[in-house]
Amino acid sequence: MSEGLQQTHERRVLGTELLWAFGVGVLVTATLSLIVFTALTRGINPPSNVERVDPKTLHLSGEFAEQNLGTVVAADGIVTARIIATQFMFAPHCIALPQGQPVTLRFASPDVIHGILITGTNVNTMVVPGYVAQVHTEFTRGGELLMPCHEYCGLGHSEMWANVQVLSAGEFKPDRDGRLTCAQR
Amino acid sequence: MRNADRLCLAHFWLAFVAFAGAAMLGAWQMWVRSPLGAHTGTPGQYYMSVTAHGVAMAYVLSTFFIMGFGYFVAVTALHRPLSGKGWAWTAFVVGVIGVAMTLVTIALGKASVLYTFYPPLTASPWFYIGLILVVAASWVWCVLMLVSMAAWKRENPGRPVPLAMFATVANAVLWLWTTVGMAAELVYQVLPAALGFVQTIDVGLSRTLFSWTLHAIVYFWLIPAYIAYYTMLPRAAGGRLYSDTMGRLTFVFFLIYSLPVGLHHLLMDPEHGNGFKLIQVLLTAFVTAPTVLTIFTIPASLEIAGRLRGGRGVFGWIAALPWDCPMVLAAGLSFVMLGFGGLGGLINMAYGMNAMIHNTSWVTAHFHLIYGGAAVIMYFAIAYEIWPRLTGRQHESLVPLRWQLWLWFVGMMTMTLPWHWLGLEGQWRRVANFNYDNPLIASWGPLVIVSLGGGLLLLASALLFVRNLAVLHRGVVPASARPLYALAVDPPQRLPAALNGFGLWNVLVLLSMLLAYGFPIAQFVVAPSPTAIVHRAE
Amino acid sequence: MAEPSDPRVLDQPWRIWASIAVMAIVLSGALLGVLIIPVVQGRSAGIDAYTAICRALGILPGSPARPQIVDRNPPTPVSQVVWTPGLLQTLAEATPERGHAKVQEVCSACHGEQGVSVSTEFPNLAGQSGTAIYKQLNDYRSGSRTNPLMTDIAKALDETIIADVAAYYAGQPTRNPDPSTLAVAPDAIVRLVELGDPNRNIPPCAACHRQGAGGPIDAPVLAEQRQEYLTSQLKMFASGERRNDVYGRMRTIAAKLTEGEINGLAVYYRAGFR
Amino acid sequence: MAVDQPLAADNSFEEHDDIDEAALAAVLRIVPLGAAMLAGSAVALAVLGYLAIYLFVFLPRGVVG
């Protein structure tokens, strides 16, 4: 191939590659923009609560002591559920939560790494010993959902799951202390 | 058989024997998880099997295949004897000892912690020491690759390093960077705990260090596939590489963008703030760059081949390609799997959307498609392509080769497409036995059985692959010398140092790692987080 | 190339533009991730810009997009034992010989000098995990677990001697599973031990109570344990009479077991070891 | 003799192929078109898939933050 012809080729090849890269760049930017847009307008973030807590003294603490686990509605109406993920169970093993209301789920592990998801929702977080994992969400549909441990935590990992009861406003009735446990069905 | 060939074959056979064993374990795991095999295995057996499957596939198959392939490229692309052959054999022996140590520890049930470790769960120290030996062996390989390229450059001043070798060295450099995170976690945190020197572990730090390795390691596995796309596929198809420069840029992009992105594996973790997660998500978006460049440049190279063979029209060239050639067929199937895997990956990396599928079967499907699918099918094609050169014998028929590749593709798709769906439904990972009495889980049953069918096809394909290679050693048709590496449409005459070496890119990796990982790691050093008690599973 | 040029000159634009491109991407990520997004999110959630940025960096806890929960619950522990590295070190460095002396003086009357108890209502302690013995003695001392005999005995012991006793019994010969007796155990019980019952949320007993299972570090090893002791403890867990298991791990499981299963498991763990 | 070079190491035929330069030049007048269409539609499909899942699966499941 002559030198001149080769140079034209080379320029054309690089030109088309650049054009392609530009086109794809636009598409990639579009996908990223959607992430940024929903972060700005709807506050969508991955759960990133960098709140440290000593896993060794969790059972002595106030918040994650056995009696204080579960769902509680504060005087100002804020719904919080505190859940312990431990080898190989959740405490409590059934959690009642309201539908269509902002809720905050707080998880902690006294032993090894766990993780949770609630089927059919976007509730998902790792539960790393040393941190309080926190998810803010609003349940869009009601019913009985499954909350398994999704990170390998030992030989009993497969049997580690809890139930989540998402209750309508009529069914979601906390007691005088603002506490609520699962309804027996 | 020559010494360098024996070296390559030793690496490849170790890799493929581990692969065949791991494929059997994989099929068994799918069986016990399905409604058909429910309650036939204990969790102890299951997690032992998962650990062995992960170690064999992700550490043994990949590392030894890549090392063997690297030695092969260094000899054939540079046309010079391998530097440091003694070191290479020593490293191989060290690696074999490491693999044996690790697998025996797993088989004794003293290391059921899965291949991604989960401190504060710790296995027997022999498990980690074995893995460290494997990594040490691979570091020797990295140095030998760098030395080979440097020697060639001294002998050929000013000439462009052949693309195959440039890419191989890119992978070696990438691997040196990649292993820093995992080695730091093992040596500084996990091994002292396993040996009983310390009783607690900073789990946030260990997860962060492992995330450093976790993304780039996949590109380490993937690069041989890309080397085949760029340097072997165009020749096998009867065309030329559309752009040599884009090839080099692709491998450079792999190097600089696969490292400062590991936090996207920790999007659901509580030990990092949103800010650094977003920075690394943005950088992750640029990891698509090498792949989108490739899915344009390689089809363009194939289009040259197809049109030279008489293909017409916008898509007519596709039909005109020599699909009976294993390399071409494997590449085509690889691209399809890369496409599905890539879409899954886009969803994984999408910041908040990660919550929808994190630690569900979706993710398992994603990395089986990318590594087990797109990359490993090219390992097959590479093996088929170079085995005649290593053994001096020719495949008698390509039919069993094509069967094997098709089986792998169909098996992989049948296994992973249901997994994607199950992941969206919330099927979570690392479960030894599902409770099919639960109505939701019971509703997943049929899809789990379909994916089990895919797993069995994969097992059949894996065994056929080993058979196809084994028969060649006793084959009767002598191999005829055939060129391997493709020429570029415009072979480079002279290249800027940036496209002929890695100095600049190493500086940029260092800078972006400092910016992207500096604070996320420093936070644990400045203010150590509360530690967790070591749980010894041995 | 029309004119041969020095690779370094050829390389200069690469060095400049590659550095600019890579740094621009990282910095625009930083601009979005730690400045724009948190400040905007904070504004709609009523969080000041400084706090929102600190949260995005991970210096302050909480999401920049949501108000953070404040907790004011008083602590009410079920067990006072805290597994600090120091305590684990104490256990590791305990003196079994001193423990032996104490065992001869106090414990052997019921638990036997070698850890094989004299009566079926007292647990065997031979080869028991040191952490498990330590935790139980400590819980007796603090009142988290009560027993007419043990409460007073434990109160008379101090931290160090408890560690020594634990180390002594832990060092006594362990019993290993006996395949021949295990083979005759009922399937349902073996399944409970090895597989658990996923449907009832019961993990396999072996996941915690087998040596080296990687479960909770203070879980006792179950191997040739006294049948009557096991039955009574499981029943006490089920009724809530015994509640020193942190987060009710055993209370929850025991409450789900049927009477038949409790007896079956007690027989299994009595018989299956030699 | 030190025979430690594999078969291909002493072969210079790697530097050549039997592609006719004129045919290549002719083909190169159309070439990236088909590839661009193929790769372009693949990328477009992937991005559409991404958007569809983001908008129709992820968002309806509830906002997390």
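Quantities reported herein were computed from a predicted structural model and do not represent experimental measurements. FYI, side chains are in, hydrogens and waters are out, and symmetry mates aren't considered; it's all heavy atoms of this structure.
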Colleague: Which heavy atom in Gly156(A) sits nearest to a heavy atom in Pro204(C), and how many Å separate them?
Modeller: CA-CD, 4.0 Å

Colleague: Does any backbone or side-chain atom of Pro110(A) lie under 4.5 Å from a heavy atom of chain C? Answer side chain, backbone, both or neither.
Modeller: side chain

Colleague: Tell me, side chain or backbone of Ser48(A) under 4.5 Å from chain C's heavy atoms, or both, or neither?
Modeller: backbone

Colleague: Count the heavy-atom pairs under 4.5 Å between each of Asp54(A), Thr104(A), Asp111(A) and chain C, then report the option with the highest count.
Modeller: Thr104(A)

Colleague: For each of Val82(C), Asn199(C), Asn201(C), tally heavy-atom pairs with chain A at distances under 4.5 Å, and name the one with the top tally.
Modeller: Asn201(C)

Colleague: Name the member of Ala39(A), Ala162(A), Ala74(A) that forms the most heavy-atom pairs with chain C at distances under 4.5 Å.
Modeller: Ala39(A)

Colleague: Above 12 or not: heavy atoms from other molecules or residues under 6.0 Å from CG of Asp187(C)?
Modeller: no

Colleague: Do you know which two heavy atoms are closest between Asn45(A) and Ala65(C), and how far apart they sit?
Modeller: ND2-CB, 3.8 Å

Colleague: State which residues pass salt bridge (charged side-chain N to carboxylate O under 4.0 Å, His left out) with Glu159(A); sequence neighbours excluded, sorted by chain then number.
Modeller: none

Colleague: Could you tell me which non-hydrogen atom of Pro85(C) sits nearest to which non-hydrogen atom of Lys56(A), and how far apart they are?
Modeller: CD-CE, 3.9 Å

Colleague: Return the CG to NE2 distance between Asp245(C) and His59(A), rounded to the nearest 0.5 Å.
Modeller: 11.5 Å

Colleague: Check for a donor-acceptor pair, side chain of Gln87(A) on one end and backbone N or O of Ala207(C) on the other, with a separation under 3.5 Å.
Modeller: no

Colleague: Which atoms of Arg52(A) come close to chain C, meaning under 4.5 Å heavy atom to heavy atom: side chain ones, backbone ones, both, or neither?
Modeller: neither

Colleague: If only side-chain N and O atoms count, and only distance matters, is there a donor-acceptor pair under 3.5 Å linking Thr86(A) with Arg249(C)?
Modeller: yes

Colleague: Quick one: ring-ring contact (aromatic ring centres under 6.0 Å, His included) pairs with a partner in residues 88-131 of chain A, sequence neighbours left out?
Modeller: none

Colleague: Which residue out of Leu32(A), Asn49(A), Thr41(A) racks up the most heavy-atom pairs below 4.5 Å with chain C?
Modeller: Asn49(A)

Colleague: Begin with the C-alpha distance, continue with both residues' side-chain angles, and end with the deciding distance and a verdict on side-chain contact (heavy atoms from CB on, under 4.5 Å) for Gln134(A) and Arg66(C).
Modeller: CA-CA 11 Å; Gln134(A) 180 170 276; Arg66(C) 305 284 188 281; over 6 Å; no

Colleague: When heavy-atom pairs shorter than 4.5 Å are enumerated against chain A, which of Pro216(C), Gly196(C), Cys208(C) gives the highest number?
Modeller: Pro216(C)

Colleague: Measure Ile78(A) against the heavy atoms of chain C and call it side chain, backbone, both or neither at under 4.5 Å.
Modeller: side chain

Colleague: Can you pull out the residues in residues 30-46 of chain C with any heavy atom less than 4.5 Å from chain A?
Modeller: Leu32(C), Ile36(C), Ile37(C), Val40(C), Gln41(C)

Colleague: Going by side-chain contact (heavy atoms from CB on, under 4.5 Å), name the residues that satisfy it together with Ala91(A), two or more places apart in sequence or in a different chain.
Modeller: Leu69(A), Ile84(A), Met89(A), Tyr247(C)

